[in-house]
Each structure stands twice: as C-alpha cells, then as structure tokens.
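Have a look at the structure below before the remarks.
We name chains A, B, ... by the order of the sequence lines, and we start the count at 1 in each one.
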Amino acid sequence: MKKSFLLPKSLKNVDTHYCSGCGHGILHRLVAQAIDELNIREKTIGIAPVGCAVIAYNYWDFDVSEAAHGRALAVATGIKRCRPQNVVFTYQGDGDLASIGIAETLHSANRGENLTCIFVNNACYGMTGGQMAPTTLRGQKTITTPLGRDPESGDGWPLKLSEVLSVLDGVCFVARSSMSNPQGVKETYQYIKRAFINQIEKKGFSLVEVLSSCPTIWQKTPIDALRWIEDEMVKEFPLGVIKE
Amino acid sequence: MSVKEQKTFCFQVKVNRDKCKGCQLCIFYCPVGYLVLSSRLNKKGVKFAETKKDNECIGCGFCYLICPDACIEIHGKEQDKEK
C-alpha cells in the first residue's frame, strides 16, 4: 500500500485557469506522474493543443511546444523524426484531434509514428463556448444543437475515433478510460504509463482516450458531471483496452 | 512480525486552500468524511475543502486522485500501534 501521495515533480505548483471540477487538471497530474515514474523528464517533449489546455506548458515542468489547431501530431512527427532519442507526446482534445486535426491524426497513426497521443474527450468544444463536437452524444444539447444532436437530421453520430484508429496496422496500443471516479483515474494512469513505455520500446503509435468532464458547458455541478460520464458517456464510448 | 513490532500509519492530509476551487469532489469521494467544506473563503473567493479534526484519515488517496487542481497531498507516517 502506498503510504504518501505527493505531487509529481514534473507538475508546477501553480494555480490553473481551468474551471472548478474540470478533468484537465487530473490528467495533467497523471501525465506528470507517469513521466516522473519512468524517469524521462529530461528527455520528454510534450505538444500542447489548441483548446482549453492551450497553456499546458505553464503547468508542466518539462519541455512543451505549441502547435496550430489540430496539427499537434504533425509537429510531434517532425520533432520525433529529428530527435528520436526524445520521448514525444501530444495532449489533445476532441475538437483538436477528432475534428480539425483528423487528417493529421489518421495519417500519423497510419504511418505508425512512434508517438504517444493523449486524447481528452469531453463531448463538446469547451473553450469556444460549447458547440457540438464530433464526439457529442446523441440527443445532447449544445449551443449549435439546441434540440439535441439528431443523427437523422444530418448532425451525424458520435465519432468513435479510438475504434477507427484501432484497425490501422501502425497503431500498437489503443485504450479508453474515464476519470469519473478514483478507480477510473488509477486505470487512466496505468494506460498512460503503458503508452509511454510503448514509445520507449519503439513499438509504434499509442492512443489513450480519456472521458473527461466539462461541468461549465454541460451546466452541471462537478459531481453531477462525473455521474453523467458514468451514466451516459460510457454507454456510447465503452471503456477498456481496444487494441494492444 | 510479532504483535509488539506491528506498525500502524497515521496520515496527514494537507489541502492547499488557495489553489482549491471548491468543486467538492474530494468531499464526495472521501469514505470516512474526513474532508469538509469550510465556511470561510480563500483568496479566489470560494469555499475551500478542509480537514475535520475529529475524524481520522485512512490514507486511501481518493481525494488526491480525484482533485482536479492538485491541491491535496497526503503524508503517511509510521507510528507504533500502542501509541
């Protein structure tokens, strides 16, 4: 049994700009913890997305680069090919990875780039005010789908990007977890660690999709937002290891 | 290990009150009700989580795991069982 729970050294002890109850804060800590445990802090380069986590470099205490919207995996490909000795990972939201950047995502995965990709799925565009994202659930109300997302009227179905990427030959590890309870947070940590280990062992592209809450846009309390993940999101996005 | 040599742990939870945004997730998931919402406000102007003196922390780490603002640390200390 672990006796003490201390903050990881790769995480700066500063206030974050995230809303109360936002899942980004938990995930930042898990990434920092995995990097500390694998002792790769000095050779890690993270790529921050465009979205709520755009200033993630203010919170992590290792090298982080910024990329244009959706192009994090393209930038990561360049860095990894020039500096193969470094551990390179991207941290992207659903609007960044699954919408505007889906071309970069699919082709990086298909090329089997030796990268780690952490995909934060909160079923909406958080930073821009709550528009429909590709991962928005059926019937979910957003400001661009005020009557709820209706696939029959042309809004489309929730995009299950993890399942899509899992059929590509270049992808070595795909897993989906949720941060809706402490057990889920522990599971997420194990997946992130495995994704980093895969890169160190040069196995190929690893993707970890994390179901995260956005209490402000969902207009719920932080506790109700976590319950909503367990009750609704998990039905659409089943958890577990999809490919390894 | 004989009974006399058995060690037990006491846990000290430290909440960084100025980083806390009052989401209350730690309070919700604490299995022994060790964390409560303070009646005072921090520098952000929100009610923060604080520890309750009459309960004892069991060191499960749930509050540390679920805290979105990384403001909780748990320090475990070994102590003799008899004490």
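Residue contact with chain A, scored on non-hydrogen atoms closer than 4.5 Å, involves the side chain of B:N16 exclusively. For A:S213, no part sits under 4.5 Å from any heavy atom of chain B, backbone or side chain. Only the side chain of A:L226 comes within less than 4.5 Å of a heavy atom in chain B; its backbone stays farther off. Interface residue B:F62: backbone and side-chain heavy atoms are both found under 4.5 Å from chain A. Neither the backbone nor the side chain of B:K77 has a heavy atom closer than 4.5 Å to any heavy atom of chain A. Residue A:Y18 touches chain B through both its backbone and its side chain, counting heavy-atom pairs closer than 4.5 Å. When heavy atoms are compared at a cutoff of 4.5 Å, A:L30 does not approach chain B at all.
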Would you be so kind as to tabulate the donor-acceptor pairs closer than 3.5 Å made by side chains of residues 41-51 of chain A, with sequence neighbours excluded?
residue : atom : partner : partner atom : Å
A:R41   : NE   : A:D61   : O            : 3.2
A:R41   : NH2  : A:D61   : OD2          : 3.1
A:T44   : OG1  : A:I40   : O            : 2.5

Going by atom type alone, with no hydrogens or angles, which donor-acceptor pairs under 3.5 Å involve a side-chain atom of residues 66-76 of chain B and a protein atom two or more places apart or on another chain?
residue : atom : partner : partner atom : Å
B:D69   : OD1  : A:T16   : OG1          : 3.4
B:D69   : OD1  : B:K21   : NZ           : 2.9
B:E73   : OE2  : A:L7    : N            : 2.9

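A salt bridge is defined here as a Lys NZ or Arg NE, NH1 or NH2 lying under 4.0 Å from an Asp or Glu carboxylate O, and A:D96 with A:R71 fails to meet this definition. Note on A:E37 versus A:K193: salt bridge recorded, some NZ/NE/NH1/NH2 to OD/OE distance being below 4.0 Å. Salt-bridge annotation for B:E50 and B:R40: present, with a side-chain N of the basic residue lying under 4.0 Å from a carboxylate O of the acidic one.
If you look at A:Y57 and A:F62, their ring centroids are not closer than 6.0 Å.
Ranked by heavy-atom pairs shorter than 4.5 Å toward chain B, the options A:Q183, A:H24, A:R29 are led by A:R29.
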